[in-house]
Amino acid sequence: MASDPKSEIERILTEGVKKLSSEPIEFHVELEKPRRAEHGDYSSSAALQLAKILAMPPRKIAENLQKLTAESIANSGLSEPLELAGAGFLNIRLKKSIKQKTVARILEQGGKYGHATVPGAEKVMVEFVSANPTGPLHVGHGRQAALGDALAALLEAQGHAVTREFYYNDAGAQIQNLALSVQARASGMTPEDSGWPADGYRGEYIEEIARSFAAAGGKAGDLEAARQFAVAALRKEQDADLQAFGVAFDVYYLESSLYTDGRVESAVKALVASGKTYERDGALWLRTTEYGDDKDRVVRKSDGSYTYFVPDVAYHLTKWERGFRKVVNVQGTDHHSTVTRVRAGLQALGLGIPPGYPDYVLHNLVKVVRGGEEVKISKRAGSYVTLRDLIDWVGRDAVRFFLVSRRADADFVFDVDLARSQSDENPVYYVQYAHARVCSVFSQWGGDTGGLAAAPLDSLAGPRESALLQRLAEFPELVATAAHELAPHSIAFYLRELAGEFHSYYNAERILVDDEAARRARLALCAAVRQVLANGLALLGVSAPERM
RNA sequence: GCGCCCGUAGCUCAGCGGAUCAGAGUAUUGGCCUCCGAAGCCAAGGGUCGUGGGUUCGAAUCCCGCCGGGCGCGCCA
């Protein structure tokens, strides 16, 4: 089929609209999904939208459109005759055979169902987590890991060549603080002592690092050695956490390399050459206000060192130079001010980098509640819930599903007690259970699933079966929308709905009925449900167990 | 003070450039296993969609004000 039923009907209606008036009308019909099943599979509010343009009552327009398209609709074989409803809606009811074909399509495409190759598929980078190697990964990083990995998977599902990148800020003042903290611990100090570094990290993990540093023969006086040891130890720790979380990166980019490669220097030179800089108070400034920033930014401090702004620009420049024309940065909203700055810096280079480059997905910080009280996430205070804690408590799948189940910019309260004590209530089990249930039916049946793609499907006509068919048919479009809007949470909600409809069906109808044709049709439907559940869960990085 | 984000059922959250949009889960209450897995299903109660205006045939959704919460506002990163 050249195009799916929905697009084809949209095309027919759009053609019909052109015939409504002798005047040319620029209007593209887009079908909507009605909330109520009795309103059909799709509906169009085109008549209401056109009422003003045509100066006609919407119901009259709908009636005309219905007549004008009747023949094309009939010839297409896709839909029953359009129904006029309400204030001027046209409801579309797909022919049963068309809906039933969804099952065969899913079984043929298997793991590829829901995947596509959009026009203009390209090299895309998703940068996420990018935690400083100054402490273990916490819940916020977990949200970012779940979100970023799902985004990457969604973009891959649209045919893009995706690179997952982790940027290590291993060269700034925070690292210096880390080194000083380890050094202080190594020489026997505690955060309570008067000589403790002003911005030192107070967590107990510093003590552990200091101990192994000493055990490895490190001397407290050697700051550089302490720095290297601490960074290596924490990177190793973070890598282990990410592995436990099932998130893998293609590239780890080190901030320090920007200095050793001379990219920081050349970025400064390029900015100066652009003519957008000026000297004031002994410092070098960039006119970022010309690119929407609320104040100009310092590039080189009066003491001769660079602000973090420079490596940031240099780093994002490498993304452009490495050929990524689409880049998505996943960050916490506490970094939202860097968005304008980075973009301004890139534009100031005068290389033709578009104003909106790169894309950002900013997520709200996770509020962790334990014992009815908020647990402050503070590395320096050393008291916070680590990603590893969460995984240990409720399991990787539950954490990933939960963390990606909310809109990125929504507030997020993670109740630790709830997650620990009632892990059975976690929505991921509901979805996984549906998958396991299908598997169970198949092992009960014991037949060969291979031939089900060719099973006759015309018996799938009940209301629950129709609902499932409709839901299954939506999946590819849903994935495309989620990828386009960078909104993986919609996948999680979809899976819950699909699982719910399957559970209802399963409770209401028997799958393994005596009648052979009906049994094969139902099994085919179940196989399709299982496939889509598995495909959706895969996008979220969650396993689809055959048994629970 | 300025900027960005968020206020939807007791709780956690979907729905967000309109219409067929008052929703899900959870919690509470009452039903369903001699029958493919009860981590399930069915049903009930529960909200002036923070608030006041505006635009429109129509606003949870768009615009403005206000209130409340979060995060930013450094020659820190």
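Residue numbers begin at 1 in each chain, while the letters A, B, ... track the order of the sequences.
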Could you check whether A:Asp415 gets within reach of a base, just the sugar-phosphate, or nothing at all, counting any heavy atom under 4.0 Å? nothing
Could you tell me the separation between the CZ atom of A:Phe401 and the C1' atom of B:C13, rounded to a whole number of Å? 13 Å
So what does A:Gln432 touch, heavy atoms closer than 4.0 Å: a base, only the sugar-phosphate, or nothing? nothing
Using a 4.0 Å heavy-atom cut-off, does A:Arg300 contact any base of the nucleic acid, only the sugar-phosphate backbone, or nothing at all? nothing
Within 45° of the six-membered ring axis of A:Tyr291 and under 6.0 Å from that ring's centre, is NZ or CZ of A:Arg343 located there? no
Residues in side chain to side chain contact (heavy atoms under 4.5 Å, CB included) with A:Pro81, at least two apart? none
So that I can tick it off, tell me whether A:Glu465 and A:Arg522 are bridged by a salt bridge, with the cut-off set at under 4.0 angstrom between side-chain N and carboxylate O. yes
P-based separation of B:C6 from B:A14 [nearest Å]: 11 Å
Whole angstrom is fine here: how far is it from CZ in A:Phe402 over to C1' in B:G25? 11 Å
All pairs passing salt bridge (Lys or Arg N to Asp or Glu O under 4.0 Å) where residues 400-413 of chain A contributes a residue, at least two apart: A:Asp149-A:Arg400, A:Arg407-A:Asp409
note: A:Asn91, atom CG; B:A19, atom C1'; distance rounded to Å ~ 12 Å
Gap between atoms NE2 and P, on A:His435 and B:G37 respectively (whole Å): 15 Å
Consider the side chain of A:Asp334, meaning its heavy atoms from C-beta on, and name the nucleotide among B:A19, B:C71, B:C75 that approaches it most closely. B:C71
Determine the contact category for A:Arg59: base if any of its heavy atoms lies under 4.0 Å from a base atom, sugar-phosphate if only primed atoms, P, OP1 or OP2 are that close, otherwise nothing. nothing
Could you tabulate the donor-acceptor pairs under 3.5 Å formed by side-chain atoms of residues 435-444 of chain A, not counting sequence neighbours?
from     : atom 1 : to       : atom 2 : distance (Å)
A:His435 : ND1    : A:Pro545 : O      : 2.9
A:Arg437 : NH1    : A:His503 : ND1    : 2.9
A:Ser443 : OG     : A:Ser440 : O      : 3.0

Between A:Ser305 and A:Lys295, name the one whose nearest nucleotide on RNA chain B is closer to the 5' end. A:Lys295
Please report the distance separating the P of B:G68 from the corresponding atom of B:U29, rounded so that it comes out in whole Å. 37 Å
With a non-hydrogen cut-off below 4.0 angstrom, is A:Arg341 in contact with a base, only sugar-phosphate, or nothing? base
When you compare the protein's N or O atoms with those of nucleotides 41-46 of chain B, which come within less than 3.5 Å of each other, and at what distance?
from  : atom 1 : to       : atom 2 : distance (Å)
B:C41 : OP1    : A:Tyr430 : OH     : 2.4
B:C41 : O4'    : A:Asn507 : ND2    : 3.0
B:C41 : O3'    : A:Ser504 : OG     : 3.3
B:C42 : OP1    : A:Ser504 : OG     : 2.7

Sugar-phosphate, base or nothing in reach of A:Phe493, heavy atoms under 4.0 Å: sugar-phosphate
Using the test side chain to side chain donor-acceptor pair (under 3.5 Å), find all partners of A:Asp293 that sit at least two apart in sequence or belong to another chain. A:Thr288, A:Arg297
A:Tyr433 OH - B:C36 P separation (whole Å): 11 Å
Between the side chain of A:Trp285 and the main-chain N/O of A:Val299, is any donor-acceptor distance below 3.5 Å? no
Could you spell out the base pairing of RNA chain B in dot-bracket, with Watson-Crick or G-U pairs whose two distances are under 3.5 Å, [ ] crossing and | to another strand? (((((((..((((.........)))).(((((.......))))).....(((((.......))))))))))))....
Separation between the P atoms of B:G25 and B:G45, rounded to whole Å: 15 Å
Give A:Tyr506 one of three labels, base, sugar-phosphate or nothing, depending on what nucleic acid heavy atoms sit under 4.0 Å from its own. base
Electrostatic pair A:Glu10:A:Lys6 at N-O distance under 4.0 angstrom: yes
According to the interplanar angle, ranging from 0 to 90°, do the rings of A:Tyr252 and A:Tyr168 count as parallel (below 30°), tilted (30 to 60°) or perpendicular (above 60°)? parallel
Atom pair CG (A:Asp312) and OH (A:Tyr167), whose distance is rounded to the nearest 0.5 Å: 5.5 Å
Quick check for you: among B:G25, B:C76, B:C75, whose closest atom lies nearest to any side-chain atom of A:Arg496? B:G25
Interatomic distance where CD belongs to A:Gln444 and C1' belongs to B:G37 [whole Å]: 10 Å
What residues form a side chain to side chain contact (heavy atoms under 4.5 Å, CB included) with A:His335, not counting sequence neighbours? A:Gln331, A:Thr338
Using a distance-only criterion (donor-acceptor N/O pair, under 3.5 Å, no hydrogens), is the base of B:A39 paired with the side chain of A:Tyr429? no
Could you list the protein-to-nucleotides 15-17 of chain B atom pairs, N/O on both sides, closer than 3.5 Å?
from  : atom 1 : to       : atom 2 : distance (Å)
B:G15 : OP1    : A:His489 : NE2    : 2.9
B:G15 : OP2    : A:Arg407 : NH1    : 3.4
B:C16 : N4     : A:Arg407 : NH1    : 3.3

Quantified in whole Å, what is the C1' atom distance between nucleotide B:G50 and nucleotide B:C5? 16 Å
By nearest heavy atom, map A:Asn169 and A:Asp409 onto RNA chain B; which one lands nearer the 5' end? A:Asp409
Axial cation check for A:Tyr430 ring with A:Arg496, 6.0 Å and 45° limits: yes
Take atom C1' in B:G23 and the same atom in B:G69, then report the distance between them in whole Å. 24 Å
Atom CZ of A:Phe502 and atom C1' of B:G37: how far apart are they, to the nearest Å? 10 Å
Are there any protein N/O atoms within less than 3.5 Å of an N/O atom in nucleotides 67-70 of chain B, and if so, which ones and at what distance?
none

Under 3.5 Å side-chain donor-acceptor pair for A:Gln174 and A:Tyr201: yes
Does B:G72 have OP1 or OP2 sitting under 4.0 Å from an N or O in the side chain of A:Ser337? no
Sequence neighbours excluded - salt bridge (Lys or Arg N to Asp or Glu O under 4.0 Å) pairs with any residue from residues 438-447 of chain A: none
Is A:Glu509 touching bases, backbone alone, or none of the nucleic acid, heavy atoms closer than 4.0 Å? base
Looking only at side chains, do A:Tyr278 and A:Asp296 share a donor and an acceptor under 3.5 Å apart? yes
Quote, to the nearest angstrom, the C1' distance that separates B:G72 from B:A77. 14 Å
Sequence neighbours excluded, which residues qualify as side chain to side chain contact (heavy atoms under 4.5 Å, CB included) partners of A:Asn64? A:Leu20, A:Met56, A:Lys60
Find the distance A:Gln174:CD to B:A77:C1' and express it as a whole number of Å. 5 Å
Measuring only the P atom in each nucleotide, how far is B:A27 from B:C64? A whole number of Å is fine. 41 Å
In chain order, what residues pass the side chain to side chain contact (heavy atoms under 4.5 Å, CB included) check against A:Thr277, with sequence neighbours excluded? A:Leu271, A:Val272, A:Leu284, A:Leu286
Among B:U12, B:A77, B:G37, which nucleotide sits nearest the side chain of A:Met548? B:G37
